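Below you'll find the structure, written out as structure tokens, and then a few comments.
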Amino acid sequence: MVRVLLLGGHGKVALHMTKLLAAHDHKISSVIRNPDHAIEISDQYPENRSLIEPVVASIEETDEEGAKELMKGVEWVIWSAGAGGKGGPERTKAVDEIAAKRFIKAALLAPSVTKFLMISASSSRRSPASYWTDSDRVAFKKTWDSIGVYSEAKTVADEYLYNESRKSSKPIWVDICLRPGSLSDSHGTGKVDLGKAKLVGSVPREDVAAVAVELLEKETGGGLWVDLIGGSEPISSAVERVVSQRITSRE
Ligand SMILES: NC(=O)c1ccc[n+]([C@@H]2O[C@H](COP(=O)([O-])OP(=O)(O)OC[C@H]3O[C@@H](n4cnc5c(N)ncnc54)[C@H](OP(=O)(O)O)[C@@H]3O)[C@@H](O)[C@H]2O)c1
């Protein structure tokens, strides 16, 4: 059993992850800002509700000490929070960049934490990937033109995770940046394109959650940056491939 802190616990991807983590017998502290969401969180695994502990806290208003406090005894931290474009550019920066960096820093300082998984986005990069097609490049430009504030905030947080992880002298530390394209609420297919993946297309949130949990369970060192979109490779084999072959979408 691993103790997991899930940030953005009431989010759609996070609810899928909660169910999967509990089914794998992990213990989840799920951070939500609205106490009314607590029952829905526990309902994700009625077979054993004691595995899921809803924790009410606003990520934006939690300082570094508060973040470290939330991480006491926790081994894995997952960032699946996001302003979702609500509250304007300032709030996007406050949640997707500033709060994310604060929780990354706290995780690096918290003695028990060994893994940090960031749910980012495949368009969160400074320039198009070398392996993309023309349509991926067009979609990338459109994304930055339409939601540039969000893309910038996520990119800065990802860069921070990467750079601070490389500087850290923590004896055991695994940083994972999982970068899905457009998310859908369709049922998971269990099949994905993971690693150096295309931008155009979509991926069900249920599949994102399954990939995230499997990456956390399989990745043991070195850190990973992987793009994700719907595809044709079974999730277990895709995760095994990127972990064993050290595939990275970071350029
Ligand atoms: N939408 C896409 O197509 C897309 C694509 C790629 C990546 N992503 C990223 O994937 C991740 C998960 O996406 P999703 O669809 O599951 O997102 P979501 O459903 O919007 O979930 C985000 C969660 O963050 C929570 N949150 C926001 N501010 C908070 C605060 N101050 N304190 C505590 N919690 C707070 C929200 O709480 P409430 O429920 O209370 O509002 C919400 O539950 C996000 O990081 C997103 O940026 C999204």
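Since the structure is predicted, the reported quantities are computational estimates derived from the model, not experimental observations. Note that ligands are numbered from 1 as they come in the structure, with each ligand's atoms numbered from 1 the same way. When a residue number appears, it is its place in the shown sequence, counting from 1.
If you check the side chains of E53 and S29, you find a donor sitting under 3.5 Å from an acceptor.
Close contacts of ligand 1 with A57, meaning ligand atoms under 4.0 Å from a residue heavy atom, involve 32 (N), 33 (C). Applying the 4.0 Å criterion to heavy atoms of E60 picks out, from ligand 1, the atoms 30 (C), 31 (N). Every atom of ligand 1 is numbered from 1 in the order shown, and the set under 4.0 Å from a heavy atom of K154 is 45 (O), 47 (O). The distance from ligand 1 to the heavy atoms of G181 drops below 4.0 Å at these ligand atoms: 5 (C), 6 (C).
Note: no N/O pair closer than 3.5 Å links V95 and ligand 1 by distance alone. Checked against a 3.5 angstrom limit, the closest N/O atoms of S182 and ligand 1 fall outside it. Taking only nitrogen or oxygen atoms, main chain and side chain alike, A81 reaches within less than 3.5 Å of ligand 1. Any N or O atom pair closer than 3.5 Å counts here, and P180 shares no such pair with ligand 1. Considering both main-chain and side-chain atoms, G84 never comes within under 3.5 Å of ligand 1 through any nitrogen or oxygen pair. Annotation: R205 places an N or O atom under 3.5 Å from an N or O atom of ligand 1; distance criterion only. At a 3.5 angstrom cut-off on N or O pairs, R91 counts as close to ligand 1.
With a 4.0 Å heavy-atom cut-off, ligand 1 is reached by the backbone of I119 and by its side chain too. For E40, no heavy-atom contact with ligand 1 is shorter than 4.0 Å. Only the backbone of S120 comes within 4.0 Å of ligand 1, counting heavy atoms alone; no side-chain atom from C-beta on gets that close.
Atom 41 (O) of ligand 1 has its closest protein heavy atom at R33 NH2, 2.7 Å. Distance from atom 39 (O) of ligand 1 to its nearest protein heavy atom, with residue and atom name: H10 ND1, 3.0 Å. Regarding atom 21 (O) of ligand 1, its nearest protein heavy-atom neighbour is G11 CA, 3.1 Å. Shortest contact from atom 16 (O) of ligand 1 to any protein heavy atom: V13 N, 2.8 Å. Of the protein's heavy atoms, G82 N, 3.2 Å lies nearest to atom 24 (O) of ligand 1. Remark: minimum distance from atom 30 (C) of ligand 1 to any protein heavy atom is reached at I59 N, 3.5 Å. Looking only at protein heavy atoms, the nearest one to atom 8 (N) of ligand 1 is Y150 OH, 3.3 Å. Looking at atom 3 (O) of ligand 1, its nearest protein heavy atom turns out to be L183 N, 3.0 Å.
Comment: E64 engages K105 in a salt bridge, judged by a side-chain N to carboxylate O separation of less than 4.0 angstrom. A salt bridge does not link E206 to K12: none of the charged nitrogens lies less than 4.0 Å from a carboxylate oxygen. With respect to E90 and K93, no salt bridge is recorded, no charged nitrogen being found less than 4.0 Å from a carboxylate O. Salt bridge E251/R125: absent, no basic N to carboxylate O contact under 4.0 Å. Under a 4.0 Å N-O distance rule, the pair D134/R137 qualifies as a salt bridge. Salt bridge status for R126 with E152: present, with a side-chain N to carboxylate O gap under 4.0 Å. The existence of a salt bridge linking K196 and D227 is excluded, since no basic side-chain nitrogen approaches an acidic carboxylate oxygen closer than 4.0 Å.
Residue D207 comes nearest to G188 through the heavy atom pair OD1-CA, 3.3 Å, listed as atom of the first residue, atom of the second, then distance. Shortest non-hydrogen contact noted between D96 and A83 is OD2-N, 3.3 Å.
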Show your working on side chain to side chain donor-acceptor pair (under 3.5 Å) between S120 and D158 and close with a plain yes or no.
CA-CA 7 Å; S120 185; D158 292 354; 2.5 Å; yes

What do the steps show when you test E60 against R91 for salt bridge (charged side-chain N to carboxylate O under 4.0 Å, His left out), and what is the final call?
CA-CA 9 Å; E60 277 156 279; R91 183 154 177 270; 3.2 Å; yes

Checking E217 against H26 for the side chain to side chain donor-acceptor pair (under 3.5 Å) test, could you report, in this order, the C-alpha distance in whole Å, the side-chain angles of both residues, the deciding distance, and whether it holds?
CA-CA 11 Å; E217 290 177 340; H26 302 312; 2.9 Å; yes

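At a 4.0 Å cut-off, not a single heavy atom of A99 sits close enough to ligand 1 to count as contact. Distances from ligand 1 to the non-hydrogen atoms of E61 include no value under 4.0 Å. Within the 4.0 Å heavy-atom cutoff, S80 counts among the residues contacting ligand 1.
Under a 3.5 Å cut-off, the side chain of K218 and the backbone N or O of S236 do not form any donor-acceptor pair.
Between W225 and Y162, the ring planes lie perpendicular to each other; the angle is over 60°, past the 30° to 60° tilted range.
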